[in-house]
2 protein chains.
Amino acid sequence: MYSKELLKGTLQVMILQLLAEQGSMYGYEIYQKVKELSDEKIILKDGSLYPALAKLHKDKLVQFKEVAVGKRKRKYYELTKQGQEQQVLGIEELKEFMATLSKVLFPNQNNYALN
Amino acid sequence: MYSKELLKGTLQVMILQLLAEQGSMYGYEIYQKVKELSDEKIILKDGSLYPALAKLHKDKLVQFKEVAVGKRKRKYYELTKQGQEQQVLGIEELKEFMATLSKVLFPNQNNYALN
DNA sequence: ATTAATACATAGAATTATGATGTATAGAAT
DNA sequence: ATTCTATACATCATAATTCTATGTATTAAT
């Protein structure tokens with residue numbers, strides 16, 4: 001795993017982005033998806049994930065429906081309108097930051113670029 | 001400026017990397033270099049930079065020589081042997097993290113890659 | 001029957017960047 | 001002359017975020 005500090009500021013964007021792609025997900029599903037897409041290199045801790053979801057909800061960027069599956073309940077989250085806007089902004093900022101960081105760290109290379 | 005959280009974990013790597021490239025720099029010089037390379041998009045705050053340098057020194061990753069310039073004094077920092085090792089590790093980790101993050105966020109694209 | 005996986009959550013600890021503030025020198029502008 | 005800006009360092013309280021540890025409970029697998 002990576003230094004936990006590197007993850008900072010990216011967790012919220014990751015969640016918003018996944019919800020934008022998938023439409024609706026519950027917490028544990030996000031955990032699994034991130035683990036899968038990252039080749040097991042990013043393992044979200046539940047002590048990080050659930051508070052992050054709670055904060056997104058508090059900030060009205062996501063809403064959820066509770067769904068019972070047997071006797072267990074899942075909270076299916078989806079983006080609010082505000083959340084959609086924030087997702088776009090967040091991804092934009094993150095892309096730019098990564099591009100800028102590349103310029104600082106590797107000034108002699110063809111730097112980071114995504115379309 | 002970017003969300004300050006995004007910078008977390010990257011400031012130390014940036015400093016070590018610049019010192020590896022430039023050999024020796026003083027604090028304000030690092031501030032200027034980062035500002036220049038980032039097209040003014042990363043403006044280090046002295047409340048971040050000097051404590052970061054102090055921590056690197058405490059951790060024996062850098063050493064410095066005080067040089068008087070007129071009546072002002074500069075602290076010229078350079079990597080210790082330990083610092084050189086950490087610089088390599090830190091850059092490696094950061095590159096990998098950025099690549100992994102790209103995979104999670106943009107699974108359908110030709111992802112981030114630097115040689 | 002026990003373990004691992006699923007599914008949520010909270011509270012305290014740790015880390016790190018920021019804002020505010022402080023000291024002081026040097027050059028530029030008015 | 002004076003004022004403003006840049007140079008050059010530093011500390012401290014605050015804010016933000018993730019982690020560890022802990023807790024509850026259901027379900028599937030061995």
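Letters go in sequence order (proteins before strands), and every chain restarts at 1.
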Within this structure, what is the [atom1]-[atom2] distance for the pair [X] and [Y], rounded to the nearest 0.5 Å?
X	Y	atom1	atom2	answer
B:Y76	B:E66	OH	CD	12.0 Å
B:L7	B:M14	CG	CE	4.5 Å
B:S102	A:L94	OG	CG	8.0 Å

Round to a whole Å and report the spacing from [atom1] of [X] to [atom2] of [N].
X	N	atom1	atom2	answer
B:R74	D:dA6	CZ	P	17 Å
B:L6	C:dA17	CG	P	12 Å
B:L11	C:dT18	CG	C1'	12 Å
A:D46	D:dA21	CG	P	12 Å
A:E5	D:dC19	CD	P	9 Å
A:L7	D:dT20	CG	P	12 Å
B:K4	C:dG19	NZ	C1'	9 Å
A:L53	C:dA7	CG	C1'	12 Å

Review point. What nucleotide among C:dA9, C:dT25, D:dA16 has an atom nearest to a side-chain atom of B:R72?
Key: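 For B:R72, the side-chain atoms sit closest to C:dT25.
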Point to revise | Check: A:K35 and A:I42 side chains under 4.5 Å, non-hydrogen atoms | key: no
Practice item. Check whether any side-chain heavy atom of A:M25 lies under 4.5 Å from a side-chain heavy atom of A:E78, and answer yes or no. Key: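 Contact flag for A:M25/A:E78 side chains = no.
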Check your understanding: Considering every strand shown, what is the Watson-Crick or G-U wobble mate of D:dA1 when both distances are under 3.5 Å?
Key -> C:dT30
Review point. Does B:F64 have any ring pair (Phe, Tyr, Trp, His ring centres under 6.0 Å) partners at least two apart in sequence or in another chain, and if so, which?
Key: B:H57, B:Y77
Point to revise | Distance below 4.0 Å between A:K75 side-chain N/O and C:dA9 OP1 or OP2 | key: yes
Check your understanding: What residues in residues 55-67 of chain A put a non-hydrogen atom under 4.0 Å from any atom of DNA chain C?
Key ->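 The stretch gives none, as no residue of it lies under 4.0 Å from the strand.
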Check your understanding: Near DNA chain C, which residues from residues 13-45 of chain B have a heavy atom under 4.0 Å away?
Key ->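 Here the set is B:K45.
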Practice item. Specify the residue among B:S3 and B:K73 whose closest nucleotide of DNA chain D lies further upstream toward the 5′ end. Key: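 Nearest-nucleotide comparison on DNA chain D picks B:K73.
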Point to revise | Sugar-phosphate, base or nothing in reach of A:G70, heavy atoms under 4.0 Å | key: sugar-phosphate
Study note, to complete from the structure: Note: B:L18 and B:K33 closest approach over all heavy atoms is CD2-CG, 4.1 Å
Check your understanding: Can you name the nearest heavy-atom pair linking B:L49 to B:G27, along with the distance?
Key -> CD2-O, 3.2 Å
Exercise for review: Taking atom types as modelled, find out whether B:E21 and B:Q17 have a side-chain donor-acceptor pair closer than 3.5 angstrom.
Suggested key: yes
Practice item. Measure distances between side-chain N and O atoms of B:K8 and base N and O atoms of D:dT18, and say whether any donor-acceptor pair falls under 3.5 Å. Key: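 Check fails, no donor-acceptor contact within cut-off.
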